[in-house]
Amino acid sequence: MKRILVSGGAGFLGSHLCDKLLAEGHEVLCVDNFFTGNRRNIHHLLDNKNFELLRHDVTHPLYVEVDEIYNLACPASPIHYQFDPVQTTKTSVIGAMNMLGLAKRLKIRILQASTSEVYGDPEIHPQPESYRGNVNTLGPRACYDEGKRCAETLFFDYNRQHGVPIKVMRIFNTYGPRMHPNDGRVVSNFIVQALKGQDITIYGDGKQTRSFCYVDDNIDGMYKLMNSREGFTGPVNIGNPGEFTMLELAQQVIELTNSSSKLVFMPLPQDDPMQRKPVIDLAKQELGWEPKIPLKEGLVKTIAYFDSILSE
Ligand code: NAD
Ligand code: UDP
Ligand code: UDP
């Protein structure tokens, strides 16, 4: 049994990770400042004797004793990370430094939740880990993209300079139950709009693509990466290579919800990537991981979740 710190543990991915780690028999220290996280996500864990919750902002130092760290703290949706962009960069960069300082002192493994956003608006398709990316340093997405890129740099420098055992995961768009209903991400927006019979908001012409990974597949990949062979650092892409346009996604959501919602077209946000799809050969080879849940099956589960919270 290990004592495992999950920063951002009250968030969408973090709360599913806490569930997984407890189910594997570990103790979890969930660290969150509740900026985008929600008590509801971890409410069912509060009575678990192996679960501990600490309200803390990772931009401040943290001295605790643990055996492993998963660093997930950071707002992830454009609306949330652009709300206070300076704080977003601080969370990514200073937060990473504090978690790395902790890992260095304790000589323990640390995993970074990085992102496909490090590839920016990619000129290479699909994206392998070797692609260096096309990020606008000055645009509205830069606080997140550059923050996450700098965090990767810190992870690799702590590894080379101090021998910290690191694992860097580049997460592609992930969806599922416990997504924030108002986070503006496309899957949550479309489902909530369809369930409420409101217009479905397509940004741009809807022909831009994304690859959507169901949360259980993501968490399985994250756990496998943390427990991968010594010396394997990544970065490794974790995502579902199934690629869909936003129009196709809207169509599927309308069908699965039997909704009468109509599509409306709105301006494409600045620097919105036109395409995104992971190459996952490295994850297959090193982790024996690949996603198992097709989009339709994942959408059905996610729709059921939103249906239940909207009818509360
Ligand atoms: P989320 O917003 O639901 O979770 C992030 C959590 O971090 C929240 O609980 C929030 O309160 C907490 N947090 C934010 N700033 C903090 C701070 N300064 N100190 C302590 N806690 C803080 O987002 P998510 O989708 O669960 O994303 C988790 C991680 O995965 C993030 O690092 C994100 O960048 C990364 N990621 C997610 C996706 C995705 O599609 N969901 C894709 C790529 C990368
Ligand atoms: N840190 C922390 N917890 C620890 C060890 C370090 O929060 O258990 C913080 C520390 O405050 C510092 C950061 O992590 O700001 C980086 O630590 P490191 O040891 O690399 O840097 P130094 O303290 O030498 O500047
Ligand atoms: N999008 C959309 N309608 C919405 C929300 C998002 O068409 O209501 C588009 C958005 O412009 C982007 C894609 O869906 O092209 C994915 O957006 P999201 O914010 O979910 O993720 P990210 O852009 O960070 O990959």
Side-chain angles (χ1 to χ4, degrees), residues 6-17 30-38 41-42 54-66 70-81 87-88 90-92 94-106 112-118 141 144-145 147-148 151 154 158 161-162 164 169-176 178-180 183-190 192-193 200-213 215 218 222 238-239 245-247 249-250 265-269 271-276:
V6 178
S7 81
F12 162 47
L13 296 181
S15 63
H16 285 277
L17 177 65
C30 169
V31 172
D32 207 296
N33 71 349
F34 291 103
F35 174 50
T36 51
N38 194 325
N41 292 340
I42 47 163
L54 179 64
R55 181 185 283 265
H56 172 81
D57 185 322
V58 292
T59 60
H60 299 292
L62 178 64
Y63 287 80
V64 288
E65 309 306 313
V66 289
Y70 287 83
N71 186 37
L72 273 61
C74 188
S77 81
I79 288 185
H80 287 145
Y81 70 65
Q87 180 63 23
T88 299
K90 282 186 189 169
T91 293
S92 271
I94 302 174
M97 219 180 287
N98 285 328
M99 290 297 110
L100 283 161
L102 182 59
K104 176 184 133 193
R105 176 174 65 80
L106 298 173
Q112 167 68 353
S114 189
T115 167
S116 55
E117 287 287 324
V118 300
R141 296 175 86 100
Y144 182 73
D145 300 9
K148 288 285 187 178
L154 281 166
Y158 268 81
Q161 196 176 333
H162 300 302
V164 173
M169 170 175 184
R170 289 187 179 152
I171 303 172
F172 283 64
N173 297 58
T174 304
Y175 69 99
R178 303 188 197 149
M179 286 182 93
H180 201 296
D183 73 357
R185 279 191 269 192
V186 68
V187 174
S188 42
N189 267 13
F190 285 4
V192 170
Q193 290 162 347
I200 302 235
T201 51
I202 307 271
Y203 300 164
D205 61 8
K207 291 186 182 143
Q208 70 271 36
T209 68
R210 291 292 187 275
S211 301
F212 298 104
C213 185
V215 60
N218 172 286
M222 198 182 300
I238 296 288
T245 66
M246 297 312 104
L247 287 173
L249 178 70
F265 291 86
M266 298 174 71
L268 189 69
D271 294 337
D272 201 270
M274 283 316 291
Q275 51 183 7
R276 202 182 278 147

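Heads up: numbering here begins at 1 and tracks the sequence. Whatever order the structure lists them in is the order used to number ligands and atoms, beginning at 1.
Note: no N/O pair closer than 3.5 Å links Pro61 and ligand 2 by distance alone.
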Table please: side-chain donor-acceptor pairs of residues 7-15 below 3.5 Å, with sequence neighbours left out.
{"from": "Ser7", "atom 1": "OG", "to": "Asn71", "atom 2": "OD1", "distance (Å)": "2.7"}
{"from": "Ser7", "atom 1": "OG", "to": "Leu72", "atom 2": "N", "distance (Å)": "3.0"}
{"from": "Ser7", "atom 1": "OG", "to": "Ala73", "atom 2": "N", "distance (Å)": "3.1"}
{"from": "Ser15", "atom 1": "OG", "to": "Gly11", "atom 2": "O", "distance (Å)": "2.8"}
{"from": "Ser15", "atom 1": "OG", "to": "Phe12", "atom 2": "O", "distance (Å)": "3.1"}
{"from": "Ser15", "atom 1": "OG", "to": "Arg178", "atom 2": "NH1", "distance (Å)": "3.1"}

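Between Val6, Leu17, Thr36, Thr174, it is Thr36 that holds the heavy atom closest to atom 2 (O) of ligand 1.
Taking Thr36 as the reference, Pro75, His80 meet the side-chain contact (heavy atoms from CB on, under 4.5 Å) condition, with sequence neighbours excluded. Residues forming a side-chain contact (heavy atoms from CB on, under 4.5 Å) with Arg55 (at least two apart in sequence, or on another chain): Phe34.
The closest approach between any non-hydrogen atom of Lys90 and ligand 1 is not below 4.0 Å. Ligand 1 lies nowhere less than 4.0 angstrom from a heavy atom belonging to Met179. Contact between Ala10 and ligand 1 is present, with at least one heavy atom of the residue lying under 4.0 Å from the ligand. Not a single heavy atom of His80 sits closer than 4.0 Å to an atom of ligand 1.
Only the side chain of Arg185 comes within 4.0 Å of ligand 1, judged by heavy-atom distances. Residue-level proximity to ligand 2 for His162 is absent, since no heavy atom of it falls below 4.0 angstrom.
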Filter the ligand 3-protein atom pairs down to N or O on both sides and distance under 3.5 Å, then list them.
{"from": "ligand 3", "atom 1": "3 (N)", "to": "Thr201", "atom 2": "O", "distance (Å)": "2.6"}
{"from": "ligand 3", "atom 1": "7 (O)", "to": "Tyr203", "atom 2": "N", "distance (Å)": "2.9"}
{"from": "ligand 3", "atom 1": "8 (O)", "to": "Asn189", "atom 2": "ND2", "distance (Å)": "2.8"}
{"from": "ligand 3", "atom 1": "8 (O)", "to": "Thr201", "atom 2": "O", "distance (Å)": "3.2"}
{"from": "ligand 3", "atom 1": "8 (O)", "to": "Thr201", "atom 2": "OG1", "distance (Å)": "2.9"}
{"from": "ligand 3", "atom 1": "11 (O)", "to": "Asp272", "atom 2": "OD1", "distance (Å)": "3.4"}
{"from": "ligand 3", "atom 1": "11 (O)", "to": "Asp272", "atom 2": "OD2", "distance (Å)": "2.9"}
{"from": "ligand 3", "atom 1": "15 (O)", "to": "Gln208", "atom 2": "NE2", "distance (Å)": "3.0"}
{"from": "ligand 3", "atom 1": "15 (O)", "to": "Arg210", "atom 2": "NH2", "distance (Å)": "3.3"}
{"from": "ligand 3", "atom 1": "15 (O)", "to": "Asp272", "atom 2": "OD1", "distance (Å)": "2.5"}
{"from": "ligand 3", "atom 1": "20 (O)", "to": "Val186", "atom 2": "N", "distance (Å)": "2.8"}
{"from": "ligand 3", "atom 1": "21 (O)", "to": "Asn173", "atom 2": "ND2", "distance (Å)": "3.4"}
{"from": "ligand 3", "atom 1": "23 (O)", "to": "Arg141", "atom 2": "NH2", "distance (Å)": "3.0"}
{"from": "ligand 3", "atom 1": "23 (O)", "to": "Arg210", "atom 2": "NH2", "distance (Å)": "3.1"}
{"from": "ligand 3", "atom 1": "24 (O)", "to": "Arg141", "atom 2": "NH2", "distance (Å)": "2.9"}
{"from": "ligand 3", "atom 1": "25 (O)", "to": "Asn173", "atom 2": "ND2", "distance (Å)": "2.9"}
{"from": "ligand 3", "atom 1": "25 (O)", "to": "Arg210", "atom 2": "NE", "distance (Å)": "2.7"}
{"from": "ligand 3", "atom 1": "25 (O)", "to": "Arg276", "atom 2": "NH1", "distance (Å)": "2.8"}

